[in-house]
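Residue numbering restarts at 1 for every chain, and letters A, B, ... go by the order of the sequence lines.
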2 protein chains.
Amino acid sequence: MTIVSGIVGCVTDERLQDDGYVAYGVTVDLVILTIRAEQLCVLLVRRGLAPFAGALALPGGFVRLDETLVEAARRELAEETGLLLPEPPPQGSAWPGVHLEQLAAYGAIDRDPRARILTIAFLALAPDLPEPRSGTDAAAAEFVPVAALTGLGGLGGLAFDHAEILADGLERARAKLEYTALATAFCPAEFTVAELRRVYEIVWGAPLDARNFHRKVTGTPGFLEPVGHSTARDGGRPAALYRRGAAEILHPAMRRARAAGP
Amino acid sequence: MTIVSGIVGCVTDERLQDDGYVAYGVTVDLVILTIRAEQLCVLLVRRGLAPFAGALALPGGFVRLDETLVEAARRELAEETGLLLPEPPPQGSAWPGVHLEQLAAYGAIDRDPRARILTIAFLALAPDLPEPRSGTDAAAAEFVPVAALTGLGGLGGLAFDHAEILADGLERARAKLEYTALATAFCPAEFTVAELRRVYEIVWGAPLDARNFHRKVTGTPGFLEPVGHSTARDGGRPAALYRRGAAEILHPAMRRARAAGP
DNA sequence: GCCCCTTATCGTCATTTCGACGAGATCAAC
DNA sequence: GTTGATCTCGTCGAAATGACGATAAGGGGC
């Protein structure tokens with residue numbers, strides 16, 4: 001049992017000893033979702049260092065002593081995607097265009113073979129981003145279609161417990177589309193109703209009726225704000241452009257298709 | 001900058017130095033809610049040690065190296081309430097009668113004046129429990145009506161950032177009553193529809209129509225399973241007894257009164 | 001210009017759910 | 001038996017949903 005010499009932890013209060021204080025490493029890991037080429041994609045890095053060298057993993061890194069968890073997540077997001085987010089708003093979850101929220105903490109004993117390391121996972125939703133630039137500790141970062149991972153029967157092949165984290169992040173995103181206006185985080189500043197509907201269809205993996213969807217989103221006050229007009233991006237009749245409204249939650253909720261309907 | 005001598009952390013991999021590894025203290029804190037005497041109550045301890053000696057705080061403690069986060073939360077729950085929970089089921093969130101789930105991680109830099117300490121908060125919902133026994137590090141533990149705390153304008157007076165954690169836990173509990181069958185966690189094994197309705201009314205702080213509530217819960221398949229009959233616990237016509245059903249989520253959701261309805 | 005194809009938007013209609021409430025059922029207490 | 005409480009079943013209109021028809025408004029080929 002040795003303490004690594006480069007440790008930076010600062011513990012000056014001897015009373016901590018009495019409480020059973022032990023030291024942990026703490027990281028943040030990010031589930032960064034976006035939609036590219038009609039597919040839900042997650043940003044993954046190929047690890048250059050052991051453990052799991054060569055395997056795909058969620059981007060992340062250690063939390064510094066002078067930053068909070070959200071700040072660490074924001075820094076990692078910037079490092080991996082080049083996205084420079086403005087100062088965090090009071091509630092820490094509503095940047096224009098990009099959504100960032102805490103997902104959960106993961107603390108299985110052997111989740112990292114090196115030491116007892118805890119990770120706080122964050123979920124980020126973003127519109128189509130420029131090609132990610134290689135981060136410092138990541139050999140390469142790329143957006144991978146989620147379908148290409150789940151096809152192998154349960155997200156196998158990811159480093160650490162990142163398969164579980166990714167599964168939780170996907171479920172959180174899918175669930176939140178139901179009762180929040182979060183789907184707009186996948187869209188650019190101005191978008192059409194059809195583009196928003198494609199977001200739902202891609203994330204949920206099920207088709208939605210265009211007429212009922214249009215009625216729902218335009219009929220919910222505060223969800224969408226009309227702007228001007230759009231060129232026919234898809235060849236048909238031009239569609240009205242909207243900007244995301246002030247509403248954060250949807251009442252009543254949008255409903256995805258039930259598994260076994262009565 | 002000194003390292004506390006009693007540290008137990010085990011870090012043997014020198015590669016960690018290159019990644020910016022720093023050591024944190026990690027605790028779990030519990031928001032344990034129950035209903036006593038028609039009031040929503042939270043278990044609080046009065047701290048005997050500095051910092052915040054004498055102040056009220058959520059029960060919690062450091063996570064040991066040989067236990068996961070959920071196990072630490074389960075141990076603290078047992079220490080503070082005397083509740084001995086059976087082995088955790090696969091999903092870790094459905095003990096008979098008691099509900100335990102992770103709430104969030106809190107990592108503000110100065111949340112603990114002694115050192116950089118991270119806490120993972122858990123939310124526990126339980127039926128009326130026996131008087132809590134004094135834990136090891138807690139001078140005294142007692143159930144405090146939530147209304148008595150919020151009356152002072154925002155949960156003031158709790159140690160650390162426990163006011164924020166408690167507020168998040170309350171909001172989580174209130175929200176989850178809407179779309180899950182979680183309210184039964186506040187009830188004993190067998191209960192009447194009216195007792196379940198009282199749970200909703202107490203947690204949400206608003207009255208519900210008894211007829212519509214009855215139609216809703218008995219009409220949702222899998223929510224309740226009938227048993228036999230009950231004595232009139234409340235003086236009126238005897239009510240049928242139910243046991244919690246297999247359904248975990250409610251579709252459509254129960255709805256609490258909106259703030260400003262259209 | 002004109003037909004055809006594509007997509008957007010509006011409307012219709014039966015079904016389900018919700019909120020508000022009436023009314024009978026069944027106990028204890030007096 | 002009457003009163004008073006609570007449980008439980010029903011009714012009715014408003015709102016939301018799901019399925020789908022119908023029209024509006026562009027582009028492309030000829």
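In this structure, A/His251 atom NE2 and D/dA15 atom C1' are separated by 15 Å, rounded to whole Å. What separates CG of B/Leu250 from C1' of C/dC18 is a distance of 15 Å, to the nearest Å. A/Leu224 has its CG atom 14 Å from the P atom of C/dA8, to the nearest Å. Atom-to-atom, NE2 of B/His229 to C1' of D/dT8 comes out at 10 Å; the value is rounded to the nearest Å. Going from atom CE of B/Met254 over to atom C1' of C/dG19 covers 14 Å, rounded to whole Å. In this structure, the CZ atom of B/Arg198 is 11 Å from the P atom of D/dT6, given to the nearest Å. In this structure, A/Phe191 atom CZ and C/dA8 atom P are separated by 14 Å, rounded to whole Å.
Of all heavy-atom pairs spanning B/Ala73 and B/Leu100, the tightest one is CB-CD2, 4.2 Å.
Taking the charged nitrogens against the carboxylate oxygens, B/Glu142 and B/Arg36 have no contact shorter than 4.0 Å, which rules out a salt bridge.
Each side-chain hydrogen bond (donor to acceptor under 3.5 Å, both in side chains) pair with one or both residues in residues 214-225 of chain A, not counting sequence neighbours, appears once here: A/Asn212-A/Arg215. Counting only residues at least two apart or in different chains, side-chain hydrogen bond (donor to acceptor under 3.5 Å, both in side chains) contacts with residues 186-195 of chain A comprise A/Glu190-A/Arg243, A/Glu195-A/Arg233.
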Produce the list of close N/O pairs, under 3.5 Å, pairing protein atoms with atoms of nucleotides 1-5 of chain D; give distances to one decimal.
none

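Taking side-chain N and O atoms only, A/Arg197 has a distance below 4.0 Å to OP1 or OP2 of C/dA8.
The side-chain hydrogen bond (donor to acceptor under 3.5 Å, both in side chains) search around A/Arg198 returns A/Glu38, A/Glu201, not counting sequence neighbours. Applying the side-chain hydrogen bond (donor to acceptor under 3.5 Å, both in side chains) test to A/Arg211 and every residue at least two apart in sequence or in another chain returns A/Asp209.
Residues from residues 204-221 of chain B placing a heavy atom under 4.0 Å of any atom in DNA chain C, listed by number, are B/Asp209, B/Arg211, B/Asn212, B/Arg215, B/Lys216.
For the residue pair A/Asp168 / A/Tyr106, a side-chain donor-acceptor distance below 3.5 Å is found, with atom types taken as modelled.
The shortest distance between side-chain heavy atoms of B/Phe186 and B/Pro127 does not fall below 4.5 Å. With contacts defined as side-chain heavy-atom distances shorter than 4.5 Å, the pair B/Leu58/B/Val42 qualifies.
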